[in-house]
Amino acid sequence: MNPEINRYCSGMGLMLLIVLLFWARAAAVINLKYSVVEEERAGTVIGNIAKDAGFSTWEQPVPLFRVLSNSAPHLLEINPVSGLLVTKQKIDRDLLCGQNSKCVISLEEMVNSMEICVVKVEILDINDNSPSFPTEQIDLEISETASPGTRIPLESAYDPDSGDFGVQTYQITPNELFGLEIKSRGDGSRFAELVVEKALDREVQSHYSYMITALDGGKPPNLGTAQLNVKVIDSNDNYPVFEQTTYTVNVLENAPVNSLVIDLNASDPDEGTNGEIVYSFNSYVPDKTRQLFKLEPRTGAITVKGNIDYEDGSIYEIDVQAKDLGPNSIP
């Protein structure tokens, strides 16, 4: 035979062999799907790839499978001779995939006969975590002027579990003033808004404490709690009031200067500057009266300022007003 022809024929045979091999490899792809629950012990058998793919391992002299890829080699492995797919350690789904709805490990194995096995293993979640809040206490300040229907977002609880095992709802200690409305974010997580249901009055009660509970979707649900502390902030909705509307006092003529005539006392239930009171004569108190009597603006004490002479006047009417230091104060 002509050597050149032999070389040509051998080349054709080689080309044909390569084409056939690539065609066979592309056609013989076997897809297998398995699932395993997270936290199973190391060595748990997930499946038998050789059996499920229809390969015989009887008296197999050499490894049947060769690893092409493994997205989590520290978690799963395939016995190259038996084809058993097993866990190498406990799998924490929450650490591996977070709160993704699907958690899948992918493997590709080549068989001696050149077939490719594509293996997908879904890691199933268990309800092994409880919701927890960032802090043990949630502190809120709400104005007493907040109208019913006012909403205040609360700190969200976090649960590493996914899907139904994540945070599903919130509850508050039953009460008449506040409720909760549950809302969902774009990623599916849920949070609560505190809803004012009745008018608040700081002078009636200025502090409230409730328990906020976050629950997941387990049966029974796991839960986490935080204490909600609500402080009602004052608004200047009260004005100073005297104990009496009229006081009658007797003063001796020629009473020494700085002698106490009366110690007036007004009260205002507001707090801070809203309840801090200053006293003053009304604008229409005559100059003569102002010359004889002095009013201490911070204490409300009226004392003798000038020389009191009965013959010059036996009755003096002194109008005093009390005013707080808050905004929009009303005397």
Side-chain angles (χ1 to χ4, degrees), residues 31-49 52 70-78 84-107 118-140 151-175 178-195 209-229:
N31 293 288
L32 297 174
K33 293 183 179 180
Y34 300 93
S35 64
V36 64
V37 175
E38 67 168 332
E39 302 295 342
E40 291 285 357
R41 62 178 178 80
T44 297
V45 177
I46 299 173
N48 188 327
I49 293 176
D52 295 337
N70 184 346
S71 63
H74 60 297
L75 298 177
L76 299 180
E77 66 178 355
I78 297 175
L84 291 179
L85 174 63
V86 300
T87 60
K88 295 178 69 175
Q89 64 181 41
K90 285 186 177 181
I91 301 175
D92 187 337
R93 184 195 186 282
D94 311 312
L95 183 62
L96 180 64
C97 296
Q99 292 187 317
N100 293 333
S101 58
K102 284 283 187 179
C103 185
V104 176
I105 298 175
S106 300
L107 305 93
V118 177
V119 181
K120 303 286 188 182
V121 181
E122 182 177 1
I123 312 302
L124 302 178
D125 196 18
I126 61 174
N127 196 19
D128 57 340
N129 293 284
S130 297
S132 61
F133 288 90
T135 58
E136 294 182 354
Q137 298 193 44
I138 302 173
D139 297 319
L140 286 183
R151 287 168 167 76
I152 303 97
L154 298 178
E155 290 275 5
S156 297
Y158 174 73
D159 191 327
D161 292 324
S162 63
D164 291 340
F165 294 148
V167 176
Q168 298 298 310
T169 190
Y170 296 84
Q171 297 175 353
I172 187 173
T173 308
N175 68 95
F178 301 99
L180 291 182
E181 183 171 324
I182 314 304
K183 292 191 173 182
S184 297
R185 298 186 178 90
D187 60 1
S189 62
R190 291 178 170 86
F191 66 98
E193 289 184 338
L194 187 71
V195 182
S209 291
Y210 304 104
M211 192 65 69
I212 301 294
T213 304
L215 301 97
D216 65 23
K219 296 182 180 180
N222 293 330
L223 55 87
T225 60
Q227 181 173 311
L228 173 64
N229 301 313

Trainee: Verify, without hydrogens or angle tests, whether Y210 (side chain) and N175 (backbone) share a donor-acceptor contact under 3.5 angstrom.
Mentor: no
Trainee: Give a yes or no answer on whether the side chain of S130 reaches the backbone of G224 with a donor-acceptor pair at less than 3.5 Å.
Mentor: no
Trainee: Mind running side chain to side chain donor-acceptor pair (under 3.5 Å) on S162 and R93 for me, showing each step along the way?
Mentor: CA-CA 9 Å; S162 63; R93 184 195 186 282; 3.0 Å; yes
Trainee: Provide the closest heavy-atom pair for Q168 versus R190 in the form atom of the first, atom of the second, distance.
Mentor: O-CD, 2.8 Å
Trainee: With a 4.5 Å cut-off on side-chain heavy atoms, are V104 and I123 touching?
Mentor: no
Trainee: With a 4.0 Å cut-off on N to O distance, would you call K33 and E122 a salt bridge?
Mentor: no
Trainee: Do N222 and N129 have side-chain atoms, one donor and one acceptor, less than 3.5 Å apart?
Mentor: no
Trainee: Donor-acceptor check, side chain of Y170 to backbone of A157, threshold 3.5 angstrom: yes or no?
Mentor: yes
Trainee: Within the 3.5 Å criterion, strictly below it, is a donor on D139 or N229 matched to an acceptor on the partner's side chain?
Mentor: yes
Trainee: Whether E40 and K90 form a salt bridge (side-chain N of Lys/Arg under 4.0 Å from carboxylate O of Asp/Glu) is what I want to check.
Mentor: no
Trainee: Can you list the residues that meet the side-chain contact (heavy atoms from CB on, under 4.5 Å) rule with Y34, with sequence neighbours excluded?
Mentor: L32, I46, I49, D52, L85, V119, V121
Trainee: Under 4.5 Å between any side-chain heavy atoms of L84 and I78, yes or no?
Mentor: no
Trainee: Donor-acceptor pair, distance only, cut-off 3.5 Å: does the side chain of T225 make one with the backbone of T213?
Mentor: no
Trainee: Determine, stepwise, if the pair D216 / N127 fulfils side chain to side chain donor-acceptor pair (under 3.5 Å).
Mentor: CA-CA 9 Å; D216 65 23; N127 196 19; 3.3 Å; yes
Trainee: Indicate the atoms forming the closest heavy-atom contact of E38 with I126, along with that distance.
Mentor: OE2-N, 3.0 Å
Trainee: Closer than 3.5 angstrom, by distance alone: can the side chain of K88 be matched with the main-chain N or O of P73 as a donor-acceptor pair?
Mentor: yes
Trainee: Applying side chain to side chain contact (heavy atoms under 4.5 Å, CB included) to S209 and L228, what does each step give before you reach the verdict?
Mentor: CA-CA 6 Å; S209 291; L228 173 64; over 6 Å; no
Trainee: I'd like to know if the side chain of T87 and the backbone of R41 have a donor-acceptor N/O pair within less than 3.5 Å.
Mentor: yes
Trainee: What pair of heavy atoms forms the shortest contact from L96 to C103, and how long is it?
Mentor: CD2-SG, 3.6 Å
Trainee: Report yes or no: does D159 contribute a side-chain atom to a donor-acceptor pair with the main-chain N or O of D161 at less than 3.5 Å?
Mentor: yes
